[in-house]
**Student:** 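First the structure, then my questions, so here it is.
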2 protein chains.
Amino acid sequence: MNYEEAKIKFISTWGSLGTLWGINKAMAQIQALLFLSTKPLSMEEIMEELKISRGNTSMNLRQLMDWGIVTKEIIPGERKEFFTTEKDVQELARIVAKERSRREIKPVIKVLRDVSSIEDDGTKKTKELIKQTKALHDLTETADAMINKLVNQEQNWVTKSLLKLFK
Amino acid sequence: MNYEEAKIKFISTWGSLGTLWGINKAMAQIQALLFLSTKPLSMEEIMEELKISRGNTSMNLRQLMDWGIVTKEIIPGERKEFFTTEKDVQELARIVAKERSRREIKPVIKVLRDVSSIEDDGTKKTKELIKQTKALHDLTETADAMINKLVNQEQNWVTKSLLKLFK
DNA sequence: ATAAACTTTCAATAATTATTGAAAGTTTAA
DNA sequence: TTAAACTTTCAATAATTATTGAAAGTTTAT
């Protein structure tokens with residue numbers, strides 16, 4: 001496998017993995033491209049490399065900026081805008097975990113709390129609903145807290161955590 | 001919010017959350033319905049409650065069984081098949097984490113290893129590709145190992161882990 | 001062996017989601 | 001101020017993914 005093949009393979013794998021971290025294919029591919037690039041890229045260059053339209057590039061760059069993963073670079077003497085992504089994988093993981101928590105997990109926790117708080121009318125089915133959604137609420141909340149805590153640690157959280165947990 | 005409202009809200013929220021644990025809407029809704037039910041349900045009952053077709057129900061039940069989340073119950077004297085889901089949320093989390101690791105994370109780790117192992121031709125861009133994909137490989141592998149380890153612990157892994165990590 | 005009761009399969013269709021591209025909008029240089 | 005260089009928006013379209021429903025398949029009771 002040469003450079004070009006490796007690059008293509010990485011970008012397409014990362015793209016199709018997008019779902020795992022909750023973003024779409026183009027978004028993930030743009031991020032992957034920037035992640036490998038040794039210099040900031042313009043919209044033109046991104047479109048060209050990934051063979052996607054200007055509109056698509058613009059919209060997905062915007063989303064990546066909303067996530068806080070990509071930033072605009074201003075390059076003196078250049079009219080175009082240039083983009084870079086966070087290069088540190090742990091910082092990247094931190095941002096993604098935090099955003100998914102905020103966007104998806106927190107709202108679900110709220111629903112689970114509401115649902116598990118309905119009045120107990122004494123019937124078996126109501127008792128079951130309360131019991132099960134409460135269990136799910138507690139699990140989700142704890143897992144969410146754990147991920148956020150892990151991910152908000154300083155440098156090298158993964159290694160540190162593993163050491164603490166499994167030594 | 002009464003029982004029926006709470007039930008509907010839970011099922012639809014859990015359904016749209018499907019993406020977060022990597023399954024589709026109908027699949028998640030069927031699981032949610034079984035999760036609340038105090039008794040095994042037939043295909044007929046599931047179709048009826050969720051208003052989905054026989055084919056859809058059959059296919060999604062099959063997938064849930066492939067995941068190991070739902071099991072067929074044999075009820076003496078009944079011709080129909082009945083279904084139940086794992087009711088313990090921690091066991092559920094264990095199964096989901098394990099399956100996602102096997103289906104999605106492990107294959108990505110393999111690609112990252114391959115890509116990060118290309119020959120270093122000394123160019124800047126190749127060095128960057130190797131460095132960055134290696135970092136991603138290590139992070140992904142460590143996170144995967146951690147989740148699997150956590151999730152394979154006996155009873156009460158979340159609580160235990162939290163205690164160990166953050167006391 | 002047969003037929004009723006039930007489940008699975010899968011081509012057709014519907015619903016959803018992503019992408020395009022051109023018009024509208026914005027910024028900058030002169 | 002204007003026009004060139006660039007970006008954003010969004011209605012139309014394409015691609016993908018989910019769902020249906022009826023025919024084919026299977027199992028069970030007699």
**Student:** Whole angstrom is fine here: how far is it from CD in Glu81(A) over to C1' in dT27(C)?
**Tutor:**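 From Glu81(A) CD to dT27(C) C1': 10 Å.
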
**Student:** Tabulate atom names and distances for all N/O pairs under 3.5 angstrom spanning the protein and nucleotides 26-30 of chain D.
**Tutor:**
{"from": "dT28(D)", "atom 1": "O2", "to": "Arg79(B)", "atom 2": "NH2", "distance (Å)": "3.1"}

**Student:** Under 4.5 Å side-chain heavy-atom separation, chaining through any Ile, Leu, Val, Met, Phe, Trp or Tyr, what else clusters with Ile75(A)? Say none if it is isolated.
**Tutor:**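 Its cluster mates, by chain and number, are Phe82(A).
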
**Student:** Could you list the residues that satisfy side-chain hydrogen bond (donor to acceptor under 3.5 Å, both in side chains) with Thr38(A), not counting sequence neighbours?
**Tutor:**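 side-chain hydrogen bond (donor to acceptor under 3.5 Å, both in side chains) check on Thr38(A) returns nothing, list empty.
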
**Student:** For Glu48(B), give me all partners under side-chain hydrogen bond (donor to acceptor under 3.5 Å, both in side chains), at least two apart in sequence or on another chain.
**Tutor:**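 Glu48(B) satisfies side-chain hydrogen bond (donor to acceptor under 3.5 Å, both in side chains) with no other residue.
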
**Student:** Can you run down the salt bridge (Lys or Arg N to Asp or Glu O under 4.0 Å) pairs that involve residues 52-66 of chain A, sequence neighbours left out, and say none if there aren't any?
**Tutor:**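 Passing the test, one end in residues 52-66 of chain A: Glu44(A)-Arg54(A).
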
**Student:** Can you tell me how far the CG atom of Leu64(B) sits from the OG1 atom of Thr71(B), to the nearest 0.5 Å?
**Tutor:**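 The distance works out to 10.5 Å.
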
**Student:** Is it true that Lys39(A) and Glu45(A) make a salt bridge, defined as a side-chain N closer than 4.0 Å to a carboxylate O?
**Tutor:**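 Judged by the 4.0 Å cut-off on N to carboxylate O distance, Lys39(A) and Glu45(A) do form a salt bridge.
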
**Student:** Within this structure, what is the CE-to-P distance between Met47(B) and dC6(C), rounded to whole angstrom?
**Tutor:**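 For the pair Met47(B) CE and dC6(C) P, the rounded distance is 12 Å.
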
**Student:** Check Phe83(A) against Leu34(A) and note the closest heavy-atom contact, atom names and distance.
**Tutor:**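 For Phe83(A) and Leu34(A), the tightest heavy-atom pair comes out as O-CD2, 3.4 Å.
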
**Student:** Residues two or more places apart in sequence or in another chain: which of them pass side chain to side chain contact (heavy atoms under 4.5 Å, CB included) with Thr126(B)?
**Tutor:**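 In terms of side chain to side chain contact (heavy atoms under 4.5 Å, CB included), with neighbours along the sequence ignored, Thr126(B) is linked to Tyr3(A), Ile118(B), Asp120(B), Asp121(B), Thr123(B), Ile130(B).
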
**Student:** Is Lys87(B) salt-bridged to Glu128(A), going by a charged N under 4.0 Å from an acidic O?
**Tutor:**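 Yes, this pair counts.
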
**Student:** Got a minute to check which stems DNA chain D is part of, using Watson-Crick or G-U wobble pairs under 3.5 Å, three or more consecutive?
**Tutor:**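 Stems for DNA chain D, defined as runs of 3 or more consecutive pairs: C:1-30 with D:1-30.
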
**Student:** What residues from residues 62-74 of chain B pass a heavy-atom cutoff of under 4.0 Å to DNA chain D?
**Tutor:**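 None, since no heavy atom is under 4.0 Å.
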
**Student:** My understanding is that only residues two or more places apart in sequence, or in another chain, count here; which of them pass ring pair (Phe, Tyr, Trp, His ring centres under 6.0 Å) with Phe10(B)?
**Tutor:**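 For Phe10(B), the residues satisfying ring pair (Phe, Tyr, Trp, His ring centres under 6.0 Å) (neighbours in sequence not counted) are Trp14(B).
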
**Student:** Calculate the interatomic distance between Leu61(B) atom CG and dC6(C) atom C1'; express it in whole Å.
**Tutor:**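 Distance, rounded to whole Å: 14 Å.
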
**Student:** Just the rounded figure in Å: distance from P of dC6(C) to CZ of Phe83(B).
**Tutor:**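 Whole-Å distance recorded here is 13 Å.
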
**Student:** Find the distance between CD1 (Ile11(A)) and CD (Gln31(A)) and round it off to the nearest 0.5 Å.
**Tutor:**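 If I round to the nearest 0.5 Å, the distance is 10.5 Å.
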
**Student:** Show me the protein contacts with nucleotides 16-20 of chain D, counting only N or O atoms at under 3.5 Å.
**Tutor:**
{"from": "dT19(D)", "atom 1": "O5'", "to": "Asn56(B)", "atom 2": "ND2", "distance (Å)": "3.4"}
{"from": "dT20(D)", "atom 1": "OP2", "to": "Ser53(B)", "atom 2": "N", "distance (Å)": "2.6"}
{"from": "dT20(D)", "atom 1": "OP2", "to": "Ser53(B)", "atom 2": "OG", "distance (Å)": "3.1"}
{"from": "dT20(D)", "atom 1": "OP2", "to": "Asn56(B)", "atom 2": "ND2", "distance (Å)": "3.2"}

**Student:** Applying salt bridge (Lys or Arg N to Asp or Glu O under 4.0 Å), which residue pairs with at least one partner in residues 1-19 of chain A are found, sequence neighbours left out?
**Tutor:**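 Of all non-adjacent pairs touching residues 1-19 of chain A, those that pass salt bridge (Lys or Arg N to Asp or Glu O under 4.0 Å) are Lys7(A)-Glu49(A).
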
**Student:** Once you apply a heavy-atom cut-off of 4.0 Å, does Glu44(B) come out as touching a base, just sugar-phosphate, or nothing?
**Tutor:**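 Nothing: the residue Glu44(B), judged by heavy atoms under 4.0 Å, touches no strand.
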
**Student:** Mind listing the side-chain donor-acceptor pairs of residues 102-112 of chain B below 3.5 Å, one per line with the distance, residues two or more places apart or on another chain?
**Tutor:**
{"from": "Arg102(B)", "atom 1": "NH2", "to": "Glu99(B)", "atom 2": "OE1", "distance (Å)": "2.9"}
{"from": "Arg103(B)", "atom 1": "NE", "to": "Glu99(B)", "atom 2": "OE1", "distance (Å)": "2.8"}
{"from": "Arg103(B)", "atom 1": "NH2", "to": "Glu99(B)", "atom 2": "OE1", "distance (Å)": "2.8"}
{"from": "Glu104(B)", "atom 1": "OE1", "to": "Arg100(B)", "atom 2": "NH2", "distance (Å)": "3.3"}
{"from": "Glu104(B)", "atom 1": "OE2", "to": "Arg100(B)", "atom 2": "NE", "distance (Å)": "2.9"}
{"from": "Glu104(B)", "atom 1": "OE2", "to": "Arg100(B)", "atom 2": "NH2", "distance (Å)": "2.9"}
{"from": "Lys106(B)", "atom 1": "NZ", "to": "Ser101(B)", "atom 2": "OG", "distance (Å)": "3.0"}
{"from": "Lys106(B)", "atom 1": "NZ", "to": "Asp144(B)", "atom 2": "OD2", "distance (Å)": "3.3"}
{"from": "Lys110(B)", "atom 1": "NZ", "to": "Asp114(B)", "atom 2": "OD2", "distance (Å)": "2.9"}

